[in-house]
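These notes concern the structure reproduced below.
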Amino acid sequence: VDMLAFLGLRPQGKIVQLIGIGVLGSVFILLLGGVLGFMAQKFNWPIMDPYSRLNTDQLKWVTLMAVSLAPILEEISFRGLLQTTLYRYLHPMLAILTATLIFALFHSLYFGNWLALAYVFSLGLFLGCVRYFTGSTIPCIVSHMLNNLLAAMAIFAQ
């Protein structure tokens, strides 16, 4: 078995197109976050910030990991290995939903904030579909990195 192809790391299209899909995916994810944020304000939903207890040095370290290493490892693990393996046993949409649910459960730091958990689940679902339709984890990694970068910028802006 070609492990790089199995994990979606051997591009099946032009790398520029895959990165473009990742950037467009980030725009979609950003819009989704904006809608959820608007709804939270409009309906006065409580928002918990799991990063508020970190000092500046800790926050910088977490941000560096969240923007660089975490998206690579998570996308290879959840969309590359898990989702691809589940295709063998489940209908593709059920494989995507299962991998997405496990991805959301992996983000337990958001368990006190159902809105953030819904966002993480939506992000995972979107990235799962991108992986399925492109056959690659590369746009998923790009989208995930940009998503985390935008989230980090929002946190530091506060």
Quick one: are [X] and [Y] in side-chain contact, heavy atoms under 4.5 Å?
X	Y	value
L105	L101	yes
I96	M93	yes
I141	M145	yes

Practice item. Among residues two or more places apart or on two chains, list those pairs meeting ring-ring contact (aromatic ring centres under 6.0 Å, His included) that have a residue in residues 82-101. Key: Y87-Y132
With sequence neighbours excluded, residues passing side chain to side chain donor-acceptor pair (under 3.5 Å) with [X]:
X	value
T84	R131
D2	R10
Y119	N147

Check your understanding: Taking only residues two or more places apart in sequence or in another chain, which ones pass side chain to side chain contact (heavy atoms under 4.5 Å, CB included) with L81?
Key -> F6, L7, T85
Can you list, pair by pair, the side-chain donor-acceptor contacts under 3.5 Å of residues 121-129, counting residues two or more places apart and other chains?
residue	atom	partner	partner atom	Å
S122	OG	A118	O	2.9

Review point. At their closest point, which heavy atom of T63 faces which heavy atom of A152, and how far apart are they?
Key: CG2-CB, 3.4 Å
Check your understanding: For V130 and C140, which heavy atoms make the closest approach, and how far apart are they?
Key -> CG1-SG, 3.9 Å
**Study point:** Hphob cluster co-occupancy, F106 + M65, side-chain heavy atoms under 4.5 angstrom
**Key:** no
Revision key, fill the gap. Rounded to the nearest 0.5 Å, the CG atom of L9 sits from the CE atom of M3 at a distance of 9.5 Å
Anything under 3.5 Å between a donor and an acceptor, one on a side chain of residues 67-75, the other on a protein residue two or more places apart or in another chain? List them.
residue	atom	partner	partner atom	Å
S68	OG	L64	O	2.5
E74	OE1	H107	NE2	3.4
E74	OE1	H144	NE2	3.3
E75	OE1	R79	NE	2.8
E75	OE1	R79	NH2	3.4
E75	OE2	R79	NH2	3.0
E75	OE2	H144	ND1	2.5

